**Student:** 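The structure follows.
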Number of protein chains: 2
Amino acid sequence: MAKVKKAPRPKAQTPKGFRDYFGAEVGERKAMLDRIAAVYHRYGFDALESSAVETVEALGKFLPDVDRPNEGVFAWQDEDETWMALRYDLTAPLARVYAQHRNDLPLPYRRYAMGPVWRNEKPGPGRYRQFYQCDADTVGAASVAADAEICALLADCLEEVGIPRGDYVIRVNNRKVLNGVLEATGVADEGQAAAVLRTIDKFDKVGEAGVRELLGKGRLDASGAYIDGVGLSEAQAAPVLAFLTSRGADTTETLANLRDAVGDSAAGAEGVDELAQIADLLTAQGYGPDRIVIDPSVVRGLGYYTGPVFEAELTFEILDEKGRPRQFGSVAGGGRYDDLVKRFTGQVVPATGVSIGVDRLLAALREKGRVGGTPQGPVVVTVMDRDRMADYQSMVAELRAAGIRAEVYLGNPKNFGNQLKYADKRHAPVAVIEGAEEKAQGVVQIKDLVLGARIAESASLEEWKERPSQVEVPRDQLVARVQEILDGQA
Amino acid sequence: MAKVKKAPRPKAQTPKGFRDYFGAEVGERKAMLDRIAAVYHRYGFDALESSAVETVEALGKFLPDVDRPNEGVFAWQDEDETWMALRYDLTAPLARVYAQHRNDLPLPYRRYAMGPVWRNEKPGPGRYRQFYQCDADTVGAASVAADAEICALLADCLEEVGIPRGDYVIRVNNRKVLNGVLEATGVADEGQAAAVLRTIDKFDKVGEAGVRELLGKGRLDASGAYIDGVGLSEAQAAPVLAFLTSRGADTTETLANLRDAVGDSAAGAEGVDELAQIADLLTAQGYGPDRIVIDPSVVRGLGYYTGPVFEAELTFEILDEKGRPRQFGSVAGGGRYDDLVKRFTGQVVPATGVSIGVDRLLAALREKGRVGGTPQGPVVVTVMDRDRMADYQSMVAELRAAGIRAEVYLGNPKNFGNQLKYADKRHAPVAVIEGAEEKAQGVVQIKDLVLGARIAESASLEEWKERPSQVEVPRDQLVARVQEILDGQA
């Protein structure tokens, strides 16, 4: 008889690029999302929860000639051959939702959404293939008042989650100004215009001098390779450089510099006017340049957006993995995109919004010690006599009824040391002990584990005497006494 | 030149079996999840959030000879050919997480998890391919005290979300008792034993007489087809029927009936003892049979679980789609499953837990009118003069700073009627109006839209005079007056 080969045991592993979140990590993210949601709601935005799965057609990121659309997304075919995929952001689903339900939705439609998105990308350190986004968008409002509002909203959110004023700045730029600048260069060829755009995208990395070279003849990069330039003359490149470096001492100066940079371009003038209006609206509401600033050096997203572009940066320094100080950088971005719904309906629907990178923001708060630390576990009622489980369960029932997080030790109670080790691993603030003797006397022992740990570390004998880490109290004072100890620890 | 064929517009549609959730629906579910999480937390359970994506190997639902594992799940291959899938529940990921992280986790490990799960099934009315689960499980506790605690936890959760005592019951059964009953039948053949199990599963549908026939010679079903029976003798079938109908007037009677049903079976006696212990533990904590009852007629899940099995049912009647009263039925279930982690590690790890069907529970509360109703929208500040957007934005900034949900109308302000229609569609409680005249006089108009609607419907002239739905107040009293109106509406 042939031997039946046993299947090998499955590996207990998350798929590559995915991870698990435990306890306090989950709670901290939830608390942050709740706070942001409260601000979004106060601004009049309504919640929307679309499903994680969309048709690839609706996501619309793929070329028709790609056989299997897994470029960047996780995709598969449904039984009826329809390609489906996990959403890669919350904006593409919003466009689909708005197009699908537009007859029932208010106009403008203000919605917020939060939840995981998925990217089929190469994972790296700190880069996961599932992460949270947290967006607010206004669909159907052409007015720059909508853009200004998004900026104010973003500032309020950052402060609400614990980034104080002064530790962040929201920079605002405008794609229309860039269009004006392109006009001013006199570049007519579309390919050349695209090359200028790509070059501008490198401003963050190569700086003014680098962009100047790249717009002209080209430059040697750090690796020694020669990068061909766009081939503009100095005169042609001038408006672009003027644009990127136009930030002045104050908004008035910045706007004047921008007007110079766009020259006679009507589109450019419109863009500068929009920035002026945004600055005025924000100033009137008390959001000055200490929080939200017109800054044309912000180039991220300029290729994607069609009007104003926003980016929130944290301005404090952190230490990088090599211990060198660096700016924390970007935690949120957004802007105006007027073409997303058009794919579905043929109609241009103006839209503007912002996406907050919750995981990065949490990382920033952890860096600053504003979230994190040791989470508090439950009060652990130990089991001295396994036949009296009902007694112990009654104790936790009383504690829970008083709103105190509590549990009975449910492992094998034989080894009491394991119970205390368990309480320690759970970061239990208090352990309760009731052996046969205590039961007979109608008392319980209450161990202050936080104080106990402190005493074990450092306390003097006097302190120990003054406030012993274990007390014996009548059984009917259990809840009151535990509460007292918890209050003392807080 | 060949004409470039334009790609057709994508359809703006959710994939089949998926849906969008808007505004209040999202908020109501979130509120319910928050309440349940608070109870889970108070019981000492820690949050766990695993990713939506698992390897198919870890989910372990598939036969090795199935080429494409899309039976029941949404699955696809990663770049390195690994099959991945969306989780279909929260228990399979827990087994993987526990096996992967067991050296770092406390023992017992008590975790809760909530989030969407996905099923690749045929969608139907009210049946979606993405829905929420909300689970609490204790891993590594062999004691039935852990099972009893899960039952108490479930009762507390139901009451916490608004199901009053008397409107629900949690029924408890035990797979071990069933094993004893099978022993008592004398059925030795595995195939026949499996057939008995499948027959028991039909008890809910066909009742005692139906099961009696199906265990014996067979029966004619409703459609007129003859269903073959398992072929047991009357004497063999007797313990099974005794088991299913063993619920007595009280727990003592039920347990006595069960002892009769399992005869000499040691496994059966162990199962009955476990039920007795669970009942005792719960009674000691104040959870009597009005809330949690030993009821061997609960057969759902008996095939899956290895020990105690729980099911929460709502006992009130609702009207079905044809207007006939029927019981609302099951909203949560769980039990002990001791084999899940073994797949990964070879070690048997005892585990017990519960899964609450959040969407069904919400449906129940909506039926009873305990959630739902018209959600309140934001205060809408209308735009009479588009050049004074900054004034209007300042108003909402003041309202928001006072914690009042508010927004400026951001659509085209030309047609004032559209602004009021918008406020109506948003269920705005109040609209604020400041035209040029008001501005000059330093006042604003505040329209109570809730009262306005009521007056339009039914009010007498006297009422209208006494409390007009529109008032003019000095600009600096805007916030106070709006707050007053909102308080009056509450």
Side-chain angles (χ1 to χ4, degrees), chain A residues 7 9-15 18 20-23 26-27 41-44 46-53 55 57-58 60 64 74 76 84 96-97 99-100 106-108 130 138 140-141 143 145-146 280-281 284-285 343-344 378 389-390 393-394 397 400 405-407 410-411 422 425-426, chain B residues 7 9-15 18 20-23 26-27 41-44 46-53 55 57-58 60 64 74 76 84 96-97 99-100 106-108 130 138 140-141 143 145-146 280-281 284-285 343-344 378 389-390 393-394 397 400 405-407 410-411 422 425-426:
Chain A
R9 283 189 196 134
K11 274 195 222 79
Q13 261 171 14
T14 41
F18 292 87
D20 302 311
Y21 295 84
F22 293 92
V26 178
H41 186 262
R42 195 158 71 233
Y43 268 74
D46 269 351
L48 167 67
E49 191 171 326
S50 60
S51 65
V53 180
T55 64
E57 184 190 5
F74 294 107
W76 65 89
M84 303 161 92
R96 192 268 305 152
V97 166
Q100 182 174 348
L107 182 71
Q130 170 175 329
T138 301
S143 157
D280 282 350
L281 283 167
Q285 288 171 72
R343 288 184 56 235
F344 295 103
M389 203 46 132
Q393 292 282 18
S394 300
R400 289 166 183 163
R405 190 180 190 206
E407 59 171 73
L410 286 176
Y422 172 84
K425 194 150 197 174
R426 290 301 307 277
Chain B
R9 282 188 197 138
K11 274 195 221 81
Q13 261 170 14
T14 41
F18 291 87
D20 302 311
Y21 295 83
F22 293 91
V26 178
H41 186 261
R42 195 158 71 232
Y43 268 73
D46 268 352
L48 167 68
E49 191 171 326
S50 60
S51 65
V53 180
T55 65
E57 183 189 8
F74 294 107
W76 65 90
M84 304 162 92
R96 192 268 306 154
V97 166
Q100 182 174 347
L107 182 70
Q130 170 176 329
T138 301
S143 157
D280 282 350
L281 283 167
Q285 288 171 71
R343 287 183 56 236
F344 294 103
M389 205 47 134
Q393 292 282 19
S394 300
R400 288 167 184 163
R405 190 179 190 208
E407 59 170 73
L410 286 176
Y422 172 84
K425 193 150 198 175
R426 291 300 309 276

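Keep in mind it's a predicted model, so treat the numbers as computed, not measured. So you know, we letter chains A, B, ... as the sequences are listed, proteins then strands, and number each from 1.
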**Student:** Counting only heavy atoms closer than 4.5 Å, note whether A:Met84 contacts chain B via side chain, backbone, both or neither.
**Tutor:**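 Interface part for A:Met84: side chain.
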**Student:** Check each atom of A:Gln130 against the heavy atoms of chain B and say whether the ones under 4.5 Å are side chain, backbone, both or neither.
**Tutor:** side chain
**Student:** For A:Pro10, is it the side chain, the backbone, both, or neither that has a heavy atom closer than 4.5 Å to a heavy atom of chain B?
**Tutor:** both
**Student:** Should we say atom NZ of B:Lys425 is surrounded by more than 12 heavy atoms from elsewhere, each under 6.0 Å from it?
**Tutor:**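 Result for NZ/B:Lys425: enclosed.
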**Student:** Pick from A:Ala58, A:Ala390, A:Ser143, A:Ala406: which one has the most heavy-atom pairs with chain B under 4.5 Å?
**Tutor:**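 Of the options given, most contacts go to A:Ala406.
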**Student:** Using the ring-ring contact (aromatic ring centres under 6.0 Å, His included) criterion, which residues pair with A:Phe344? Sequence neighbours excluded.
**Tutor:**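 A:Phe344 satisfies ring-ring contact (aromatic ring centres under 6.0 Å, His included) with no other residue.
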**Student:** Chain B heavy atoms under 4.5 Å from A:Ala145: which part of the residue, side chain, backbone, both or neither?
**Tutor:** both
**Student:** Mind ranking A:Ala52, A:Ala99, A:Gly140 by heavy-atom pairs under 4.5 Å with chain B and telling me who comes out on top?
**Tutor:**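 Highest number of pairs under 4.5 Å: A:Ala52.
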**Student:** Among A:Ala141, A:Ala397, A:Pro108, A:Pro378, who wins on heavy-atom pairs under 4.5 Å with chain B?
**Tutor:** A:Pro108
**Student:** Once you measure the plane-to-plane angle for A:Trp76 and B:Trp76, does it fall in the parallel (<30°), tilted (30-60°) or perpendicular (>60°) bin?
**Tutor:** parallel
**Student:** Tell me, side chain or backbone of B:Arg96 under 4.5 Å from chain A's heavy atoms, or both, or neither?
**Tutor:** both
**Student:** Is it the backbone or the side chain of B:Phe22 that comes under 4.5 Å from a heavy atom of chain A, or both, or neither?
**Tutor:** both
**Student:** Give the minimum heavy-atom separation between B:Arg343 and A:Arg9, together with the two atoms involved.
**Tutor:**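 Looking at all heavy atoms of both residues, the closest pair is O-CG, 3.5 Å.
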**Student:** Given that the side chain runs from C-beta out, which part of A:Leu107 has a heavy atom under 4.5 Å from chain B: side chain, backbone, both or neither?
**Tutor:**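 Interface part for A:Leu107: backbone (N, CA, C, O).
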**Student:** If you count heavy-atom pairs under 4.5 Å with chain A, which of B:Gly23, B:Ser51, B:Gly411 comes out on top?
**Tutor:** B:Ser51
**Student:** When rounded to the nearest 0.5 angstrom, what distance separates OG1 in B:Thr14 from CD in A:Gln100?
**Tutor:**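 Between B:Thr14 OG1 and A:Gln100 CD, I get 4.5 Å after rounding to 0.5 Å.
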**Student:** How long is the span from the OG1 atom in A:Thr55 to the CZ atom in B:Phe18, to the nearest 0.5 Å?
**Tutor:**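 Answer rounded to 0.5 Å: 11.0 Å.
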**Student:** What distance do B:Gln393 atom CD and B:Leu410 atom CG have between them, rounded to the nearest 0.5 Å?
**Tutor:** 6.0 Å
**Student:** Under a 4.5 Å heavy-atom cut-off, does chain B meet the side chain of A:Arg400, its backbone, both or neither?
**Tutor:** both
**Student:** Give me the atom names and distance for the closest heavy-atom approach of A:Arg426 to B:Pro106.
**Tutor:**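 Result for this residue pair: CD-CG, 3.5 Å.
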